[in-house]
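All remarks here apply to the structure that follows.
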Amino acid sequence: MGKISAPLSIGIGHNMSNANRKDLITRETILGLLSDEEVALVSTTESASKLSGAEEYLDLQHLELGVQRATASTNVVMGHTIARRAVHPETWRKILAKLAA
C-alpha cells in the first residue's frame, strides 16, 4: 500500500487542524502496516453488513477509542473498520503498538 508523504488540506479552502492531521497520519500509518493480503481481507470484511458478536475491531474514524468489541447492538460503518480477524496476529500487535505510541 502506498505511503502518503504529507497530509493535504481537506475540502476547498479548509486546512486541517493539527488534531485532524494527527488522526489522518495515524489512520494512514495503521493502513500502511497491512500487507496486500490483509488489505484484501479488510476489503472483504468491509463488504459485510456487520461484525459478528464479540468480534474485536478498530474504528479508523475513532482510533482514540482503541480496540472495541462488537455486540448484537453495535452499529459500525464497515468501510471505516479493521476487524481483528482480517489481519495477521503480528500485524494486529504492530497496530496496537502504533496506537499506544
Side-chain angles (χ1 to χ4, degrees):
M1 177 173 247
K3 306 284 187 219
I4 294 178
S5 59
L8 303 173
S9 63
I10 295 177
I12 299 173
H14 296 291
N15 290 326
M16 287 191 293
S17 69
N18 285 340
N20 288 341
R21 186 173 291 115
K22 182 180 184 295
D23 288 345
L24 177 63
I25 292 167
T26 301
R27 283 191 297 275
E28 293 302 325
T29 300
I30 299 293
L31 292 172
L33 295 172
L34 304 181
S35 67
D36 290 341
E37 177 187 353
E38 290 167 328
V39 169
L41 286 170
V42 167
S43 296
T44 301
T45 302
E46 288 176 353
S47 67
S49 60
K50 66 180 187 172
L51 296 168
S52 44
E55 185 170 4
E56 289 186 332
Y57 69 96
L58 288 170
D59 182 337
L60 294 174
Q61 297 297 318
H62 298 285
L63 288 170
E64 72 280 2
L65 299 175
V67 176
Q68 300 179 66
R69 189 174 299 274
T71 64
S73 63
T74 300
N75 215 4
V76 298
V77 177
M78 291 304 294
H80 298 161
T81 62
I82 295 179
R84 182 175 184 167
R85 69 177 151 96
V87 298
H88 296 288
E90 181 60 27
T91 302
W92 190 254
R93 283 189 288 278
K94 288 178 184 178
I95 290 170
L96 297 181
K98 287 289 183 187
L99 289 176

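Every value quoted in this text rests on a predicted model; they were computed, and no experiment measured them.
Side-chain contact check for Leu58 versus Thr81: every heavy-atom pair is 4.5 Å or farther apart. When side chains are defined from C-beta on, Ile30 counts as touching Leu60, because their heavy atoms get closer than 4.5 Å.
The heavy-atom pair separating Ala54 from Arg69 by the smallest distance is O-NH1, 2.9 Å. When all heavy atoms of Trp92 and Val67 are compared, the pair lying nearest together is CZ2-CG2, 3.8 Å.
Annotation: the span from Leu34 atom CG to His88 atom NE2 amounts to 9.5 Å, rounded to 0.5 Å. Taking CZ of Arg27 as the reference point, atom CD of Gln61 lies at 5.0 Å (rounded to 0.5 Å).
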Output side-chain donor-acceptor pairs under 3.5 Å for residues 93-101, partner residues at least two apart or in another chain, one line each.
from  : atom 1 : to    : atom 2 : distance (Å)
Arg93 : NE     : Glu90 : OE1    : 3.2
Arg93 : NH2    : Glu90 : OE1    : 3.0

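For Glu37, there are no salt bridge (Lys or Arg N to Asp or Glu O under 4.0 Å) partners two or more places apart in sequence or in a different chain. Ser35 meets the side-chain hydrogen bond (donor to acceptor under 3.5 Å, both in side chains) test with Glu38; sequence neighbours excluded. Taking Gln68 as the reference, Tyr57 meet the side-chain hydrogen bond (donor to acceptor under 3.5 Å, both in side chains) condition, with sequence neighbours excluded.
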